[in-house]
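In this text the structure is predicted, and so the values were computed from the model without any measurement. Residue numbers start at 1 and run along the sequence shown. Every heavy atom of this structure was used, including side-chain atoms; hydrogens, water molecules and symmetry mates were not.
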Amino acid sequence: MSQEIELKLTICQEAVSAFRQLSVLNVVESQRFELSNTYFDTQDQQLTRSGAALRIRRFGQKYIQTLKTRGQNIGGLHQRNEWEFPISGPTLDFSLFPSDSPTAELDESDVNPLFQTNFVRERWLLNFQSSQIEVVLDSGRVEAGESTDPISELELELKQGSLIDLFDLASLISSEVAVMPSDMSKAERGYRLVAQQTDFEVALPNIAPQQSMESAFCALFGYELERLQRGWQVFWSTHQWRHLQGFLNTLGNMEAEIEWFQGLLPTEQIRFVHEQLDWMTKAIQPILSWWPACFELSQDAEQEPKTVAVSLQQSKAQKAIKALDALRMNPELGHRMLSLTAWLHSSGWHTGQSAEHRHLAETPVVDGIDFSFDRAFRNIDSDCFAGSASHALSQSPAVHRLLMLCHYFDHLYGEQLGHLRAPLEAMNDSLSRLSAMDVVARLKDWLNELPQEQQASVHSWARSQPVLLRDIKRLANKLVRGREHLSGGAI
């Protein structure tokens with residue numbers, strides 16, 4: 001058994017030519033060969049559920065049987081265990097695996113092929129700085145029955161040397177070529193095709209009460225970074241607008257985490273992270289402003305419009321698609337994302353830390369996070385909920401941040417926060433609906449082009465705004481009472 005340490009990056013097909021011309025690759029000859037991989041599992045996917053992937057790779061006339069565990073993945077950097085054995089043909093040989101491997105409890109007759117990955121691999125073995133790093137470019141597709149998903153990705157595997165060199169090479173590549181960190185393996189993409197999945201999940205870290213503030217920060221920032229990268233990749237495979245909206249929401253979550261843990265982060269390090277997050281937010285926010293064209297961000301945007309209203313939507317969608325393509329081809333997006341991944345893995349905030357920073361970093365999270373809860377409560381201005389829709393909507397970020405804190409940490413406080421989750425979630429949902437009504441009210445040109453029946457339906461929905469405002473005010477009062485109930489507790 002060995003441990004594999006690699007950084008996976010997606011690359012646009014349009015950027016592959018620029019990648020091959022990088023000077024860092026021209027110092028060695030590349031190798032080019034075709035690979036075909038067949039992935040196996042039981043009908044109920046026992047291996048997948050245990051976090052393992054089993055495959056046979058055909059390389060020319062050779063066959064290699066490989067079993068990989070999920071291991072650890074943060075921000076596109078994969079560290080996992082693997083067992084690899086040469087075999088004589090395309091048939092699995094379970095006798096080669098050790099008794100403690102994930103295959104130990106399986107009946108070999110229950111394991112069958114599920115999907116294939118077929119691609120061309122180009123390989124460069126580089127001596128970069130003080131390390132040896134294998135760089136591969138894979139181009140092809142994942143195939144599961146009639147369903148396919150294109151493969152266009154880079155893998156940088158550390159064969160020998162330091163993780164710093166691995167990230168330095170990735171940074172060099174991303175400064176010139178449009179790439180993005182990816183935490184999704186080819187195997188996972190195959191399983192997603194088999195299940196026809198369009199959603200994704202990232203497991204929330206289980207923060208223990210006596211876990212240090214620094215350890216909690218690493219876990220939570222890594223969690224959101226993984227959500228960010230996964231949301232971007234899933235958007236481009238599904239073209240579902242909600243994933244792009246989720247990308248923007250996740251950027252806001254990461255900004256909030258920096259605020260919560262600012263006591264252990266030097267000012268220069270806070271500024272560095274804000275620069276990366278602010279750039280990405282400003283790049284994506286204008287694209288999302290082309291509402292209600294969101295459902296048109298697919299091939300439908302290029303079809304012949306049936307009505308004037310659809311024509312208006314499609315023109316906005318086409319602008320959004322053009323802006324998205326430009327953003328995807330901009331190396332700066334991936335470069336900034338990789339900068340955050342490298343910063344997290346290298347604990348970049350240690351640079352410039354004072355004794356006070358280090359003291360808070362070692363403080364148990366159950367003690368250190370109290371300040372953040374208190375501040376989050378204070379940031380909610382209950383008077384705003386008694387005014388207009390715009391006043392209520394001004395509180396959306398504060399409500400969302402308090403809900404995030406409850407989501408991350410309510411298990412640390414027992415029932416003290418549990419009863420606040422329901423009104424907070426209801427308020428957050430109501431504010432989202434209120435925001436949609438506010439947007440529709442400003443789209444008069446679009447509304448006027450709708451058929452009369454649809455106009456009536458939209459106006460009827462919008463007229464429920466006073467009722468929604470009343471409900472939001474009621475929930476705000478409940479939240480205030482809950483805060484008063486907590487004032488004598490641990491928070």
Side-chain angles (χ1 to χ4, degrees), residues 199-209 211 216 219-220 223-224 227 231 242-243 245-246 248-257 259-260 365-439 461-462 464-491:
D199 289 316
F200 69 92
E201 292 184 5
V202 179
L204 181 69
N206 184 22
I207 306 299
Q211 191 170 338
L220 292 172
Y223 163 76
E224 295 294 355
R227 281 172 50 83
R242 57 196 173 91
H243 294 307
Q245 181 64 55
L248 185 62
N249 293 342
T250 302
L251 288 171
N253 294 350
M254 296 169 79
E255 291 274 10
E257 288 177 353
E259 179 183 308
W260 299 340
V365 67
V366 73
D367 298 326
I369 207 66
D370 284 357
F371 170 78
S372 296
F373 270 109
D374 183 63
R375 184 171 182 173
F377 273 117
R378 292 180 186 276
N379 284 342
I380 294 179
D381 185 353
S382 58
D383 292 339
C384 287
F385 296 107
S388 65
S390 60
H391 282 94
L393 288 172
S394 71
Q395 294 299 295
S396 290
V399 170
H400 179 70
R401 289 191 175 196
L402 182 55
L403 184 58
M404 277 180 63
L405 279 166
C406 290
H407 180 57
Y408 288 163
F409 300 113
D410 63 357
H411 65 283
L412 299 183
Y413 298 94
E415 296 181 359
Q416 288 179 287
L417 284 179
H419 70 282
L420 286 181
R421 282 285 291 274
L424 268 174
E425 287 172 350
M427 184 183 295
N428 195 54
D429 179 63
S430 295
L431 287 169
S432 295
R433 290 163 55 202
L434 185 64
S435 177
M437 290 179 180
D438 184 61
V439 170
W461 171 65
S464 65
Q465 185 183 93
V467 176
L468 192 58
L469 277 169
R470 184 190 65 199
D471 290 343
I472 290 172
K473 182 180 179 181
R474 176 180 55 80
L475 289 166
N477 290 334
K478 188 172 183 179
L479 190 64
V480 170
R481 290 195 299 271
R483 175 184 173 181
E484 292 171 351
H485 174 73
L486 289 172
S487 61
I491 298 176

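- The salt bridge (Lys or Arg N to Asp or Glu O under 4.0 Å) test applied to Glu224 returns Arg227, not counting sequence neighbours.
- Not counting sequence neighbours, the partners of Arg242 by the salt bridge (Lys or Arg N to Asp or Glu O under 4.0 Å) test are Asp199.
- Of all non-hydrogen atoms in Ala392 and Leu434, the two that sit nearest each other are CB-CD2, 4.0 Å.
- Under the ring-ring contact (aromatic ring centres under 6.0 Å, His included) criterion, His243 pairs with Phe200, sequence neighbours left out.
- Nearest approach of Ala219 to Ile207, heavy atoms of both residues: CB-CD1, 4.1 Å.
- The salt bridge (charged side-chain N to carboxylate O under 4.0 Å, His left out) analysis of residues 380-393, with sequence neighbours excluded, yields no pairs.
- With rounding to the nearest 0.5 Å, the separation of CG in Leu402 from SG in Cys406 is 4.5 Å.
- To the nearest 0.5 angstrom, Ser396 atom OG is 11.5 Å from Leu403 atom CG.
- For Glu425, the salt bridge (Lys or Arg N to Asp or Glu O under 4.0 Å) partners are Arg421, not counting sequence neighbours.
- Nearest approach of Ile472 to Ser430, heavy atoms of both residues: CG1-CB, 3.6 Å.
- Between the CD1 atom of Ile369 and the CG atom of Asp374 there is a distance of 12.0 Å, given to the nearest 0.5 Å.
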side-chain hydrogen bond (donor to acceptor under 3.5 Å, both in side chains) between His391 and Ser394: does it pass, once the steps are laid out? CA-CA 5 Å; His391 282 94; Ser394 71; over 6 Å; no
Where do Met427 and Ile380 land on the side-chain contact (heavy atoms from CB on, under 4.5 Å) test, with the steps shown first? CA-CA 12 Å; Met427 184 183 295; Ile380 294 179; 5.9 Å; no
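- Annotation: the span from Leu469 atom CG to Leu393 atom CG amounts to 8.0 Å, rounded to 0.5 Å.
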Derivation and outcome, side-chain contact (heavy atoms from CB on, under 4.5 Å), residues Phe409 and Val365: CA-CA 9 Å; Phe409 300 113; Val365 67; 4.0 Å; yes
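- Considering CG of Leu405 and CZ of Arg401, their distance stands at 9.5 Å, rounded to 0.5 Å.
- Taken from OH in Tyr223 to OG1 in Thr250, the straight-line distance is 8.0 Å, to the nearest 0.5 Å.
- Among residues two or more places apart in sequence or in another chain, the ring-ring contact (aromatic ring centres under 6.0 Å, His included) test is passed with Tyr408 by Trp260.
- A donor-acceptor pair shorter than 3.5 Å cannot be found between the side chains of Glu257 and Asn253.
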